[in-house]
Amino acid sequence: MTAVPPLSEAASSPGAKLFSALGRFVFRYRDYLAPVIAILILLLTEPWPFLGSPYADRWLGFFGFVVALLGQAIRMTVIGYAYIVRGGVNKEIAAPRLVAEGFYAHSRNPMYLGNFLLIIGLALVYNSPAVYLVGLPLCIIGLVSIVRAEEEFLLGRFGAEYAEYCRRVPRFIPNMRGLYATLSGMQFDWRRVLRKEYGTTLAWTSAMTIFLAVEQVHWDGLSESDDELTALGVSWAVVFAAYLIVRWLKKSRRLESAPAASAVR
């Protein structure tokens, strides 16, 4: 009898079934839950100065921006080398095949690792105790529940093949050994990155812009924040303009992948 990974051993327990059900719910409505959470954060919490100093808080915000950029870089690397269908079919978890190449040969959930870093980065930028104690844990529970639901689905669909993949590849933190060799043997599909990531990029940069603007007004008041708010507005306008350009390129089918690059899809 083929051994199965630990995740399947408790799959039939009431707790596991409830967690998987939560994951399927979050997966289905995640595009709506994210903005709702952001709005609730703005309405119900307020930023705190890091170490009691708005100056130190700006350095923390810069660090949060770097963390978010790292998350974005991971997502772009994953999508560029081996894309996996994360949107599912009709908002339900789906997998036409088991993707185990590219970054997925070193981490089973690299996209969710990137998402986790994006969330951490945004939390650091806003720097609210309520976000750390409530918002961040809820987001992590949501991400982990989606992963659990996907694992249950993949184990049921691919069986022993997925069980072997789980034994070989860590769930989140990538095994860096051989990563360069893995990726160097593949072609990076930048067109696919633009097609798939322009919406996510606009979403997290918009949230970060709003958080930074709220912080700025909270520290210095609206009347004293004209220059900073203008700079934030201009920066966001550049990102939004890039979003519109990429969207137009996608809709006009100018970002279709070359045959050689799309072979890994």
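Side-chain atoms are counted along with the backbone in the values below, which use heavy atoms only and exclude waters and symmetry mates. Treat the numbers as computed from the prediction; the structure is a model and nothing was measured.
- Using a cut-off of 4.0 Å between Lys/Arg side-chain N and Asp/Glu carboxylate O, Glu92 and Arg28 are scored as salt-bridged.
- Taking the six-membered ring where the residue is Trp, Phe62 and Trp59 present perpendicular rings, their angle passing 60° and hence far from 30°.
- In terms of modelled atom types and a separation under 3.5 Å, the side chain of Arg171 and the main chain of Asn109 share no donor-acceptor contact.
- Across Phe158 and Arg97, no two heavy atoms sit closer than the pair CZ-C, 3.5 Å.
- Looking at every heavy atom in both residues, Ser20 comes nearest to Ala149 through O-CB, 3.5 Å.
- Contact of the Glu228 side chain with the Trp219 side chain is not registered, since no non-hydrogen atoms from C-beta on lie closer than 4.5 Å.
- Of the possible donor and acceptor atoms, none in the side chain of Ser107 sits under 3.5 Å from a partner among the backbone N and O of Tyr104.
- Each of Leu118 and Ile140 belongs to its own hydrophobic cluster when Ile, Leu, Val, Met, Phe, Trp and Tyr are linked at side-chain heavy-atom distances under 4.5 angstrom.
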Stepwise side chain to side chain contact (heavy atoms under 4.5 Å, CB included) check, Tyr132 with Leu124: CA-CA 9 Å; Tyr132 294 140; Leu124 290 172; 3.7 Å; yes

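- Side-chain atoms of His106 never come within 3.5 Å of backbone atoms of Met176 as a donor-acceptor pair (strictly under, hydrogens ignored).
- The aromatic rings of Tyr81 and Phe188 sit perpendicular to each other, their planes meeting at more than 60°, with 30° as the lower class boundary.
- Without hydrogens or angle criteria, Thr200 side chain to Glu197 main chain gives no donor-acceptor distance under 3.5 Å.
- A donor-acceptor distance shorter than 3.5 angstrom exists from the side chain of Arg157 to the backbone of Ala95, with no hydrogens or angles considered.
- Side-chain contact check for Tyr165 versus Leu154: every heavy-atom pair is 4.5 Å or farther apart.
- Arg108 contributes a side-chain N or O that, together with a main-chain N or O of Val169, makes up a donor-acceptor pair within less than 3.5 Å.
- Formation of a donor-acceptor pair under 3.5 Å by the Arg195 side chain with backbone atoms of Leu255 is found in this model.
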From CA spacing to verdict: salt bridge (Lys or Arg N to Asp or Glu O under 4.0 Å), Glu152, Arg24: CA-CA 11 Å; Glu152 182 183 80; Arg24 291 190 295 272; 3.3 Å; yes

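- For residues 31-50, the side chain to side chain donor-acceptor pair (under 3.5 Å) pairs, not counting sequence neighbours, are Asp31-Lys91.
- Residues satisfying the side chain to side chain contact (heavy atoms under 4.5 Å, CB included) test with Thr205, not counting sequence neighbours, are Thr201, Val239.
- Considering every non-hydrogen atom in both Val125 and Leu212, the closest pair reads CG1-CD2, 3.6 Å.
- Distance check: Tyr198 OH to Leu249 CG gives 10.5 Å after rounding to the nearest 0.5 Å.
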